[in-house]
Amino acid sequence: QVQLVESGGGLVQPGGSLRLSCATSGFIFDFYAVGWFRQAPGREREGVACISGTSGGDGSAWYAGPVRGRFTISRDNAKNTVYLQMNSLKPEDTAVYYCAAVPRGGWPVMTYEYTDWGQGTQVTVSS
């Protein structure tokens, strides 16, 4: 059974940092691309970053424009975990953050491309 569990969200002041974790189980992690998405109230879920698998891929990353240069996605295949390091946070980064996984190569960036999702973790950036 595929499981993805996000953690690390919370309340942070503008300019601060958070590191989100996505712990996975139930599938061969190396073959999966993993993405981070976010959904703010009243808005559609949007892609933030994704990282390709390392079996059949090179583990490279894609970032959405608004977060490029501030967020870093990484994966630890030994721990079956993907991280999202978020620096220089802004109030507009406030959202529920979700991780998702799919057994394919490349950088899937659309929600419909993913087969499995976590429950989400709330990130609030406010003074």
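Bear in mind that the values here come from a model prediction, so they are computed numbers and not experimental data. Just so it is clear, the values below take in all heavy atoms, side chains as well, and ignore hydrogens, waters and symmetry mates.
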Path from [X] to [Y] over hydrophobic side-chain contacts below 4.5 Å:
X    : Y    : result
Y112 : W62  : yes
Y97  : Y114 : no
V125 : F71  : yes
V2   : F31  : yes

Check: F37 ring centre within less than 6.0 Å of W117 ring centre: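 Yes: the rings meet the under 6.0 Å criterion.
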To the nearest 0.5 Å, tell me how far [X] [atom1] sits from [Y] [atom2].
X   : Y    : atom1 : atom2 : value
S55 : N77  : OG    : CG    : 7.5 Å
D30 : F27  : CG    : CZ    : 10.0 Å
Q1  : D116 : CD    : CG    : 9.5 Å

Taking the side chain as everything from C-beta on, heavy atoms only, tell me whether [X] gets closer than 4.5 Å to [Y].
X    : Y    : answer
V82  : T24  : no
R70  : D93  : yes
C50  : V109 : yes
W107 : S60  : yes
M86  : L20  : yes
E113 : V102 : no
Q39  : Y98  : yes
S126 : L11  : yes

Please give me the minimum heavy-atom distance between [X] and [Y], naming the atom from each residue.
X    : Y    : answer
A33  : G106 : CB-O, 4.0 Å
L4   : C22  : CD2-SG, 3.8 Å
V123 : G9   : CG2-CA, 4.1 Å
S17  : Q85  : CB-NE2, 4.0 Å
L18  : V12  : CD1-CG1, 4.1 Å
I73  : A61  : CG2-CB, 3.5 Å

Examine distances only and state if a side-chain atom of [X] and a backbone atom of [Y] form a donor-acceptor pair shorter than 3.5 Å.
X    : Y   : value
Q119 : E6  : no
S52  : G59 : yes
R75  : F29 : yes

Exceeds 12 heavy-atom contacts within 6.0 angstrom, atom CD of E92: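 Above 12, so yes.
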Test: R68 cationic atom under 6.0 Å from Y63 six-membered ring centre, within 45° of axis: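 So R68 doesn't make the cation-pi contact.
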Stepwise side chain to side chain contact (heavy atoms under 4.5 Å, CB included) test for Y32 and I51: CA-CA 9 Å; Y32 277 62; I51 188 165; over 6 Å; no
Stepwise side chain to side chain contact (heavy atoms under 4.5 Å, CB included) test for R38 and V67: CA-CA 12 Å; R38 65 186 181 187; V67 309; 4.0 Å; yes
